[in-house]
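Below, read A as the first sequence line, B as the second, and so on, with proteins coming before strands; counting in each chain starts at 1.
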Protein chains: 2
Amino acid sequence: MPVSLKDVARKAGVSVATASRALADHPRISENTKARVRQAARELGYTPSAVARSLVKRETHTLGVITTSVTDPYAAQVVKAVEVAAEAAGYHLLLVASHGVPSREVKALRMLYERRVDGIVIISARGMDAYEDVLSHLTVPVVLVNGRVPHPAVRSVSANNRQGASLAVEYLLDAGYTRIAYIGGPTQGQSARHRVQGYVQALQAAGLVPSPDVIFPGQGTAEDGRRALRHMMSLRPKPEAVLCYNDLTAFGVLAEAWAMGVRVPDDLAVIGFDNLPFSELTAPPLTTVAQPTEEMGQTAVSLLLRQRRGEEVQDVVFDCTLVERASVRR
Amino acid sequence: MPVSLKDVARKAGVSVATASRALADHPRISENTKARVRQAARELGYTPSAVARSLVKRETHTLGVITTSVTDPYAAQVVKAVEVAAEAAGYHLLLVASHGVPSREVKALRMLYERRVDGIVIISARGMDAYEDVLSHLTVPVVLVNGRVPHPAVRSVSANNRQGASLAVEYLLDAGYTRIAYIGGPTQGQSARHRVQGYVQALQAAGLVPSPDVIFPGQGTAEDGRRALRHMMSLRPKPEAVLCYNDLTAFGVLAEAWAMGVRVPDDLAVIGFDNLPFSELTAPPLTTVAQPTEEMGQTAVSLLLRQRRGEEVQDVVFDCTLVERASVRR
DNA sequence: GCGGTTTGTGCAAACGATTGCACATTGATG
DNA sequence: CATCAATGTGCAATCGTTTGCACAAACCGC
């Protein structure tokens, strides 16, 4: 059983109130008493109970994070960013995985609320629709990273996925590629919708017509990339380049290309999205669209904390940048 | 402000005690009352406060997890396993990153204790020595994954790193390689020490003498792999195969090999350790030693929970297995 | 119609902190 | 020496639950 303030107070021969103030370095407590209390606390190995403190202070100094899975490297990056920003502000993270299942996202939301976290960040939410009724009773700020929900109280910070995808396509166009394929992501998420839009728009802006038979479905997994590549290689004429919904899909393309003897970028240029740490380790290193995950995480935390202080805050959108590596010929 | 049980009780016209029992489905509360209370709770959007409950029940249903970083893919795998095991048992995770700094590990430990988590799992601990005094006052079970600490109250679950490394070397020997290099990991951690021992022992068991000039230092990063490969290629005779402390290092070797035009496995066989999800996506796919991370995570949680119930538990060690892929010729 | 069980509810004391207020000392001031 | 401010400490309420115990009403068997 942990030692409580009462134990410390008894040992120091003072009241609980005094012990509390002594440890909090209250100015009205004599140095002498403070010393005695601190001494007692040390000897007993006293560690204050954050749960008791949270109850009275009505704040837990904890942020809830809902993510699909820790093993999703993109999510991991933003979790990390959130973690350092939170840590810097004196907050810690209660992490829960939804495994992409909408019902579990809602359950997670409720559980975090029960635990009275001071703010909630949801990364890449899927089941937005079902949120309505849960959200309506929440008294805690929520921000979505790369997602949106119609609820007025929910803020979002996201990458400009449309712009990012367009950027990639323009880059390919610039490099002389014209027959450009696309491998899509989970259609429930808005990032996937925006990316395909960006792809289509950039093509149209260049006077090209996006052909449905080079737009492949996918869920953002490596396996989707492999499968799409196999289809792609059976097409006549073959695509010269492919933009992938995310890096993971691109990794699948690269892996399957190696297995099939397709040379990248000579036979096919490949471009990813997310700039995962691994993407500079592939053979060839992957050209990809980067989101400023660092800033996004920081911003998410900052929005949460500002909302908590009663400030009115706006959604924020970050532009993407292109990271040139060797999977596209220049 | 969240609505409290008092609000619900008032609305239903009963005492707080009755409201509490009604929601807990206590047998001595009439169906009628239960219905009224539930109704009131629903209408007000009542969500019980886990912090208040934790205070009286003296349990938080939360497990603390200390890891180097969420972006470390190995750690992420075991965090995930811990997460699902915890979830299944009705627990959630307070995640904190130490960034490999011993002092932060200790701080994290203290913070988790303050928050009265029901158990703590530490993944790949580094600064074991400094733990002694913190640990001595802890009244919460702690288990280390892939690490050990002399403290009697701390259990550990780990992979048999020595056996794993030996397994890899024997596999290479079997395949006809004899000049086998090794790229090491962080020497503070015990996993790195055991792996190099396994490497050395397997060589000696085959009557070979491990040569210091093919044992390269490293910290388990991709950059270490790249650097080591460059050194290696300048050696005469060159090593025919290399065992890496972990997959990340192996990825670096592979990436640099691609850049230098070194063919794997024809010019050099490469073998990793950890079997990260990405290791089947490299070119060529990486042969590697796998730890049963799933079981390890589950076991960690189970040890924690059993210790909490007062059971006496033992350390557990899992054997590693070899995952054959294409970075070693057969 | 009387003891005795069953059923349903509330009072009040926890859990472990924080904090407003009252009170007792001490010291300074006129 | 009376007055008042400053200093140091404790009492008790509070945060939002749970739960042991007491108690009243209803029901039972005889």
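- For D/dT9, the OP1/OP2 oxygens have a side-chain nitrogen or oxygen of A/Ser30 closer than 4.0 Å.
- Computed from coordinates, the A/His26 NE2 to C/dT18 C1' distance equals 12 Å when rounded to whole Å.
- Remark: the backbone N or O of B/Val145 is not paired with any side-chain donor or acceptor of B/Arg148 at under 3.5 angstrom.
- Counting only residues at least two apart or on different chains, the salt bridge (Lys or Arg N to Asp or Glu O under 4.0 Å) pairs with a member in residues 57-81 of chain B are B/Glu59-B/Arg308.
- When the C1' atom of D/dA6 is taken as reference, atom CD1 of A/Ile29 falls 14 Å away, rounded to whole Å.
- Residue pairs meeting the salt bridge (Lys or Arg N to Asp or Glu O under 4.0 Å) criterion with at least one partner in residues 86-98 of chain A, sequence neighbours excluded, are A/Glu87-B/Arg104.
- Among the heavy atoms of the strands lying under 4.0 Å from B/Thr33 are primed sugar atoms or P, OP1, OP2 only; no base atom is included.
- Rounded to whole angstrom, the span from the CZ atom of B/Arg115 across to the C1' atom of C/dA17 amounts to 15 Å.
- Regarding A/Leu23, its CG atom lies at a distance of 13 Å from the P atom of C/dT19, rounded to whole Å.
- Pairs engaging residues 43-89 of chain A under the ring-ring contact (aromatic ring centres under 6.0 Å, His included) rule: A/His61-A/Tyr91 [sequence neighbours left out].
- Put simply, NE2 on A/His61 is 16 Å from P on C/dA17, counting in whole angstrom units.
- Within the structure, salt bridge (Lys or Arg N to Asp or Glu O under 4.0 Å) contacts touching residues 29-38 of chain B (residues at least two apart or in different chains) are B/Asp25-B/Lys34, B/Glu31-B/Lys34.
- The side chain to side chain donor-acceptor pair (under 3.5 Å) check on A/Glu311 picks up A/Arg306, A/Arg309, with sequence neighbours excluded.
- Separating the CG atom of A/Asp25 from the C1' atom of D/dG8 is a distance of 15 Å, rounded to the nearest angstrom.
- Stem regions annotated for DNA chain C: C:1-30 with D:1-30, counting only runs of 3 or more consecutive pairs of Watson-Crick or G-U type with both contacts under 3.5 Å.
- Identified under the salt bridge (Lys or Arg N to Asp or Glu O under 4.0 Å) test for residues 45-56 of chain A, with sequence neighbours left out: none.
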List the protein contact pattern of nucleotides 16-28 of chain D with one symbol per nucleotide (5' to 3'): B for base contact, S for sugar-phosphate-only contact, - for none; contact means a heavy-atom distance under 4.0 Å.
-> BBBBB--------

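- A donor-acceptor contact shorter than 3.5 Å links the side chain of A/Thr60 to the backbone of A/Arg116.
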Residues 92-101 of chain A, side-chain donor-acceptor partners within the protein, below 3.5 Å, at least two apart:
from    : atom 1 : to       : atom 2 : distance (Å)
A/Ser98 : OG     : A/Thr67  : O      : 3.4
A/Ser98 : OG     : A/Gly100 : N      : 3.1

